[in-house]
Amino acid sequence: MKHNIFLKRLVIIFLLVFFNCSAANVESNVKIWFSPNDNVSKNLIKELNNAKSKIYAAVYMITDKKIAQALADAKIKRGVDVQVVTDQSCLEYEYGKVDFLKENGVDIFVYKSSLKKKRNHSEQIMHNKFVIIDDELITGSFNWTVQADARNYENVICTADKLACKKYLDQFELLKKNCVRQAMNLITQKSKTNTQVIKETSVSFKNKLVDFFKDLKEKVK
C-alpha cells in the first residue's frame, strides 16, 4: 500500500516537473517588445540580420532607413529571399523606402484595393504589420518607422509557433494576389545601361579613328 502511494507521488512530481519544463520552453520561444522603451527597431534589425532563407513582410509603412538597409543587406549580401507587401501610401509617401528596396533587388508588392471607392468612403488599405523570418513570426502594431520606434506606444510579439507562422504565411500569399508587383533590381539595370554606353562609346571612337586614318591617307596621297 505504501509502495503504491509512493509511486503515485513520484508520478505526480514527474508530471509537475515535465509541465513546468514544457511551459519554460514555450516561454523561451516568445519575445515581446514595447516601444518606445524596448528598442524595437534594433531588435527587429537583429532578427532580420539573422535571417537565413526568407523574409516575407507585410507592412503598411516603411520609412526607417536602418530597417530598409537590413532588408537590402539580407538580399544582396546573403542571398535571402526578401519579399515585401506594402500599401499604396508607402509608395506615394516621399520618405517611403519602396524605391530604395526595389533598387536593391527586393521583391516589392504594392497593395491594390479590390473595392471600388464609393462616395464618403475611404479606400481599402493594407494595414498589416508582420514579418515571417525563416520559421519565426513577428507581428504587432509596429510600423517600420522612426516615429513608431522612438515616440509611439506600440507592441510587438515574436513567436516560432508553427500554426501561427503558417496562418500568417497563407495570409501573405493571399495579399500578394491583390498587389501590383513593382519593377525591381534597378541597380542591375543601371549597370547594364552603363555597360551599353561604354560599349557604344568604344565603337564610336573606333569608327572615328578609322575615319581619321582614312582622311590622313588621302591627304598623304
Side-chain angles (χ1 to χ4, degrees), residues 21-111 125-169 171-172 175 182:
C21 289
S22 298
N25 288 332
V26 170
E27 289 176 4
S28 66
N29 288 331
V30 176
K31 290 169 279 190
I32 298 172
W33 308 319
F34 291 98
S35 66
N37 300 317
D38 291 337
N39 295 317
V40 176
S41 288
K42 183 178 180 180
N43 287 317
L44 174 60
I45 289 170
K46 183 179 179 181
E47 298 293 330
L48 293 172
N49 288 340
N50 289 331
K52 300 290 190 299
S53 59
K54 69 173 179 282
I55 297 173
Y56 294 165
V59 183
Y60 173 71
M61 186 60 64
I62 306 171
T63 61
D64 191 310
K65 292 180 181 178
K66 293 180 180 179
I67 296 176
Q69 188 63 58
L71 293 171
D73 288 345
K75 175 67 179 183
I76 295 174
K77 296 181 179 180
R78 305 197 307 278
V80 176
D81 180 13
V82 184
Q83 300 182 28
V84 175
V85 169
T86 192
D87 191 71
Q88 184 73 24
S89 301
C90 187
L91 177 65
E92 296 172 352
Y93 186 44
E94 60 178 318
Y95 298 111
K97 299 305 176 190
V98 170
D99 286 339
F100 171 81
L101 293 173
K102 286 194 300 181
E103 288 170 1
N104 285 277
V106 174
D107 271 319
I108 299 290
F109 301 85
V110 175
Y111 182 77
I125 61 176
M126 201 298 299
H127 207 238
N128 284 291
K129 298 105 178 177
F130 70 81
V131 59
I132 300 153
I133 303 174
D134 297 334
D135 298 319
E136 180 182 56
L137 167 68
I138 300 176
T139 187
S141 65
F142 187 82
N143 269 307
W144 291 3
T145 66
V146 174
Q147 175 87 6
D149 186 51
R151 299 182 183 180
N152 296 352
Y153 285 91
E154 310 280 359
N155 68 86
V156 177
I157 185 168
C158 313
T159 177
D161 182 82
K162 291 183 179 180
L163 179 60
C165 288
K166 185 181 184 306
K167 290 281 287 184
Y168 275 81
L169 183 59
Q171 182 63 23
F172 181 77
L175 287 169
Q182 301 295 296

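Note that the numbering runs from 1 along the sequence shown for the chain. Bear in mind that the values here come from a model prediction, so they are computed numbers and not experimental data. Atoms considered below: every heavy atom in the structure, side chains included; atoms not considered: hydrogens, waters and symmetry mates.
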>> Pair L175, F109 - check side-chain contact (heavy atoms from CB on, under 4.5 Å), show working.
In response: CA-CA 9 Å; L175 287 169; F109 301 85; over 6 Å; no
> Has the side chain of D134 got a donor or acceptor atom that lies under 3.5 Å from a matching backbone atom of A51?
Replying inline: no
> Are a donor atom and an acceptor atom from the side chains of E47 and N43 found within less than 3.5 Å of each other?
Replying inline: no
>> Just so I know, are the side chains of L44 and V156 near enough to count as touching, which here means a heavy-atom distance under 4.5 Å?
In response: no
>> Once rounded to the nearest 0.5 Å, what's the spacing between atom CG of N128 and atom CG of N143?
In response: 10.5 Å
> What's the spacing between F34 CZ and I32 CD1 if we round to 0.5 Å?
Replying inline: 6.0 Å
> Can you tell me how far CZ of R78 sits from CD1 of I55, rounded to the nearest 0.5 angstrom?
Replying inline: 6.0 Å
> Between E154 and K129, is there a salt bridge with N-O shorter than 4.0 Å?
Replying inline: no
> CD1 of I125 to CD of Q88: how many Å apart, nearest 0.5 Å?
Replying inline: 12.0 Å
> T145 side chain to T63 main-chain N or O, any donor-acceptor pair under 3.5 Å?
Replying inline: no
>> Within the structure provided, determine whether Y56 and L169 are in side-chain contact (heavy-atom separation under 4.5 Å).
In response: yes
> Side-chain contact, heavy-atom cut-off 4.5 Å: K54 with D135?
Replying inline: yes
> Does the side chain of Q182 come within less than 4.5 Å of L91's, by heavy atoms?
Replying inline: yes
>> Quick check: do V59 and V84 have side-chain heavy atoms less than 4.5 Å from each other?
In response: no
>> Distance check, rounded to the nearest 0.5 Å: Q69 atom CD versus L101 atom CG?
In response: 9.5 Å
> Can you tell me how far CD1 of I62 sits from CD1 of I108, rounded to the nearest 0.5 angstrom?
Replying inline: 6.0 Å
> Do V110 and T86 come close enough that some side-chain heavy atom pair is under 4.5 Å?
Replying inline: yes
> Is the closest side-chain heavy-atom distance between D161 and L137 below 4.5 Å?
Replying inline: no
> Within the distance-only criterion (no hydrogens, no angle test), does the side chain of D38 pair as donor or acceptor with the backbone N or O of V40 below 3.5 angstrom?
Replying inline: no
>> Strictly distance-based, threshold 3.5 Å: is any side-chain N or O of D87 a donor or acceptor partner for the main-chain N or O of S89?
In response: yes
>> Side chains of N152 and S35: any donor to acceptor distance under 3.5 Å?
In response: no
> Do any N or O atoms from the side chain of N29 and from the backbone of A160 form a donor-acceptor pair under 3.5 angstrom?
Replying inline: no
>> Using modelled atom types and a 3.5 Å cut-off, is there a donor and acceptor pairing between side-chain atoms of D149 and backbone atoms of S41?
In response: yes
> For V80 and K75, which heavy atoms make the closest approach, and how far apart are they?
Replying inline: O-CD, 3.5 Å
> Taking side chain as C-beta onward, heavy atoms only, is M61 less than 4.5 Å from Q147?
Replying inline: no
> So which pairs with a foot in residues 130-150 pass ring-ring contact (aromatic ring centres under 6.0 Å, His included), sequence neighbours left out?
Replying inline: F130-Y168
